[in-house]
Engineer: 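Mind having a look at this structure? Questions to follow.
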There are 2 protein chains.
Amino acid sequence: MRSKPLAVTIQDVARAAGVSVTTASRVLNNKDDVAPATYEKVRRVMQELNYTASLAAKSMRSHTAKVIGLLVPEVVEVYNQEIIKGVGAAIRDSGYDLMIYTGGRPAGASWELEHVALLSNGLTAGCIVVTPAAPRFPNGVKVVVIDPQGDGSTVPSVIARNRVGALAAMEYLIGLGHRRIGFIGGRANTLSGIRRFEGYKDGLTAAKIAFDPTLVVAGDYTYERGVVAARQLLRQEQRPTAIFAANDRSAIAVLDVARELGLQVPTDVSVVGFDNVPEAAEATPRLTTVDQSIREMGRIATNLMLGWLRGETPDTPFVKVATRLIVRDSCQAPARGKTDGRWQ
Amino acid sequence: MRSKPLAVTIQDVARAAGVSVTTASRVLNNKDDVAPATYEKVRRVMQELNYTASLAAKSMRSHTAKVIGLLVPEVVEVYNQEIIKGVGAAIRDSGYDLMIYTGGRPAGASWELEHVALLSNGLTAGCIVVTPAAPRFPNGVKVVVIDPQGDGSTVPSVIARNRVGALAAMEYLIGLGHRRIGFIGGRANTLSGIRRFEGYKDGLTAAKIAFDPTLVVAGDYTYERGVVAARQLLRQEQRPTAIFAANDRSAIAVLDVARELGLQVPTDVSVVGFDNVPEAAEATPRLTTVDQSIREMGRIATNLMLGWLRGETPDTPFVKVATRLIVRDSCQAPARGKTDGRWQ
DNA sequence: TTGTATGCGTTATCAC
DNA sequence: GTGATAACGCATACAA
């Protein structure tokens, strides 16, 4: 009687089959230098004992496993779900398994850093990390990043053309006649947040509209923060005729706050989001937004990683994914009295 | 020069801090019998070296980790996504991390069995398994099952009231006046598939409608199979006036096939699904279906597991989750000529 | 073809 | 308080 008869090990198999652990290991890994009779016997015993090799031991010993790790801050947000879909689809039939890891605790400062190390110590062949706060990772581990913090990132990254997308949104609003356009920012330390803000300012500049700091409110991509920001913007004396939110969650928050304040969208205020999550199409009114095909980003990141693992050096370490404006029902020309008189 | 300077280990920390690995390990695990000065020094070195303990080694040694494993056949299907959401939400602030594991290869026969062993060998404290084909798992590992294969399952399970839900759907259709109701089955080896079929037959029996085997087509919960089944049903000489599909994917397949054959839903044929995945509400026409709040099942399974890990014995090893009919736009009374004359 | 010995990074046990 | 040492389950160089 063992103290911990938890799982059946390769030792048990070897003993039951009357061979050494080495031979058992050989059979397990389908080496060719093992006698057919022995092979059969060991295989049978493995079946009978319901044996499976311990991933922990296995990957600790040989520093590699046919597993790709995906690190997400959490799994409930649609944004992350879309990434999971993209990665999940791309990994099919690649021969690799997928291990999605997410912390139960709120993500701390160097969350990704810790967990990349966690998974990289043999458990996975490489890691895909979503929106990491950490700029760089321990060398020697293969990391692909989705939506990195800064362009100083030293690892292969996938990022959307955020500035271009944001600019398109602004041009659309300005084309409709809006001059007083509010902005709800994204997470300030992410490249996506920075670039979208740049797009906002560029749009203003191109139309020769003065930048008004009172029309810009910081956000962090959460719904809750979006509500606060929307209230701040829509309760202003002379409220904006349009609001461009740095992501759909914030934009949907604007929709809800507008309803709460008795404002009609798009009659009283136009709203544009960013991301094109599924919810955007279901919102009331259907949300005009900038599509960045999150799922596609997951797919690309995965293929980048798979190629890397195949030995190809990632020659395009910074893949940019196109964005495009999806016009739906949440925008229209501002009411005449509300503009400063200029039309078109 | 080491052969593989992959990651920084506890040995490196110990050396750099001028202590033994034992002490370093003590600091790592916050043992109390270590001098404050030593503690500080080691902590600092860990910071500097960016050290993180290897999950593999750690869990290999001490057969436990604050991680809950979730095994899903794949992550792209909405059904599984919903479960992930439920589990992800429930695990928050529980102190446990979540590790979702999914195979890149198509799920083989004893897929779950293998992978439960994989994760259970120290990597996780317990596993939640979705729709396993395997009836039982190695003892000693904590497993909670969502939608088990049979009621002979020896592990704590979460399952929807499938029979009741299916019966409700049938009563609704029969109440509308349908007599000739087709059925597209679910995966035959899952309890959910069996029970939904029972509900179908019970509905027939209660209304004294003879069971017609030509109206029943096997399915397996996939869209592709759903298309095949739907064609088979809708191309019949005397086609059914309504189709009850064992899940929404199949039901949506029916919708598409009907369109393809030039049939109007619900005018020419009524359709009811099962699951109430988000897509059901977006389908054209909006799909009437049986809600089984998949997300809720994930939540319950997680809480079951967390309680178990806390030491509580799962006294309700078979949790049943309510189902209810969600009436939307895909059903109506059959055209008069198509029924056998009986009305109501 | 098969077995022996060793090490992977960590923790538990027992000394000091 | 701290340190040496033996496991944990597996894979591999080397010996037989």
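All chains are named by letter (A, B, ...) in the order of the sequence lines, taking the proteins before the strands, and each is independently numbered beginning at 1. For clarity, every value in this text was computed on a predicted model and none was experimentally measured.
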Engineer: Heavy atoms under 4.0 Å is the rule here; annotate nucleotides 11-16 of chain C 5' to 3' with B where the base is hit, S where only the sugar-phosphate is, and - elsewhere.
Structural biologist: BB-B--

Engineer: Whole angstrom is fine here: how far is it from CG in Leu123(A) over to P in dT10(C)?
Structural biologist: 12 Å

Engineer: Within this structure, what is the CG-to-C1' distance between Asn30(A) and dA11(D), rounded to whole angstrom?
Structural biologist: 14 Å

Engineer: Surrounding CD of Gln47(A) (heavy atoms of other residues, nucleotides or ligands, distance under 6.0 Å), is the total greater than 12?
Structural biologist: no

Engineer: Side chain of Thr23(B) only, heavy atoms from C-beta on: which candidate in dG9(D), dG3(D), dG3(C) is closest?
Structural biologist: dG3(D)

Engineer: Could you state the CD-C1' distance from Gln11(A) to dC8(D), rounded to the nearest angstrom?
Structural biologist: 9 Å

Engineer: Does any non-hydrogen side-chain atom of Leu309(B) lie less than 4.5 Å from one of Tyr96(B)?
Structural biologist: yes

Engineer: Work out which heavy atom in Val143(B) is nearest to a heavy atom in Trp308(B); give both atom names and the distance.
Structural biologist: O-CZ3, 3.4 Å

Engineer: Between dG7(C) atom P and Met60(B) atom CE, what is the distance in whole Å?
Structural biologist: 15 Å

Engineer: My understanding is that only one of Thr102(B), Val129(B), Ile146(B) makes a side-chain contact (heavy atoms from CB on, under 4.5 Å) with Val72(B); could you say which?
Structural biologist: Thr102(B)

Engineer: Any salt bridge (charged side-chain N to carboxylate O under 4.0 Å, His left out) involving residues 39-50 of chain B? Give me the pairs, sequence neighbours left out, ordered by first then second residue.
Structural biologist: none

Engineer: I need the single residue from Val158(B), Val144(B), Val87(B) that forms a side-chain contact (heavy atoms from CB on, under 4.5 Å) with Ile300(B). Which is it?
Structural biologist: Val158(B)

Engineer: Do any side-chain nitrogens or oxygens of Thr9(B) fall under 4.0 Å of OP1 or OP2 in dG9(C)?
Structural biologist: no

